[in-house]
Amino acid sequence: MWNVEVDKDKCQGSQECIDACPAAVFELVDGKSDPVYMEECIGCETCVEVCPTGACTVTEV
Ligand code: SF4
Ligand code: SF4
């Protein structure tokens with residue numbers, strides 16, 4: 001299992017994570033990325049790599 005977090009203060013709604021995530025974990029909610037389908041995460045950390053503001057963190061739980 002993976003815990004995916006988006007720091008809402010850092011997120012600028014650029015959607016790179018939404019476009020890049022192979023498991024479609026994220027949706028844009030009120031202009032911010034929200035990991036609403038976190039249970040689908042495969043832990044690839046692509047979202048961490050593509051986010052320009054370092055808002056995404058992924059940790060194994
Ligand atoms: S680690 Fe990979 S699968 Fe998980 S939310 Fe990020 S991009 Fe999607
Ligand atoms: S890539 Fe980063 S800044 Fe852009 S929507 Fe995702 S979390 Fe927000």
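Just so you know, ligand 1 is whichever comes first in the structure, and atom 1 is the first atom listed for that ligand.
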Hey, which atoms in ligand 2 end up nearer than 4.0 Å to a heavy atom of [X]?
X   : answer
G13 : 5 (S), 8 (Fe)
Q12 : 3 (S), 8 (Fe)
C17 : 1 (S), 5 (S), 6 (Fe), 7 (S)
T53 : 3 (S)

Just by distance, with hydrogens left out, do Q12 and S14 show a side-chain donor and acceptor under 3.5 Å apart?
no
Hey, does [Y] have a side-chain heavy atom less than 4.5 Å from the side chain of [X]?
X   : Y   : answer
M38 : N3  : yes
E39 : W2  : no
C17 : C51 : no

The option among V48, I42, V50 carrying the non-hydrogen atom nearest to atom 3 (S) of ligand 1 is I42
Nearest non-hydrogen contact to atom 7 (S) of ligand 2 from the set S14, C56, C47 belongs to C56
Out of all atoms in ligand 1, which are within 4.0 Å of some heavy atom of [X]? Include the element for each.
X   : answer
E45 : 1 (S), 2 (Fe)
V58 : 1 (S)
C41 : 1 (S), 3 (S), 4 (Fe), 5 (S)
C21 : 3 (S), 5 (S), 7 (S), 8 (Fe)

Any donor-acceptor N/O pair, K10 side chain to T53 backbone, under 3.5 Å: no
ask   = Any donor and acceptor pair, going by atom type alone, linking the side chain of K32 with main-chain N or O of G13 inside 3.5 Å?
value = no
Note: C11 and V6 closest approach over all heavy atoms is CB-CG1, 3.8 Å
For atom 4 (Fe) of ligand 2, decide whether S33 has an N, O or S atom at a distance under 2.8 Å. no
Considering heavy atoms of the protein only, find what lies nearest to [atom] and give residue, atom and distance to 0.1 Å.
atom                    : answer
atom 2 (Fe) of ligand 1 : C44 SG, 2.2 Å
atom 5 (S) of ligand 2  : Q15 N, 3.1 Å
atom 8 (Fe) of ligand 2 : C11 SG, 2.4 Å

Neighbour count above 12 (heavy atom, 6.0 Å) for D19 CG:
yes
Going by the 4.0 angstrom heavy-atom rule, the piece of F26 near ligand 1 is side chain
Going by the 4.0 angstrom heavy-atom rule, the piece of C51 near ligand 2 is both
(Q) Hydrophobic clustering (ILVMFWY, side-chain heavy atoms < 4.5 Å, transitive) - are F26 and V48 grouped together? (A) yes
*Should V58 and Y37 be counted in the same cluster of Ile, Leu, Val, Met, Phe, Trp and Tyr side chains packed under 4.5 Å apart?*
no
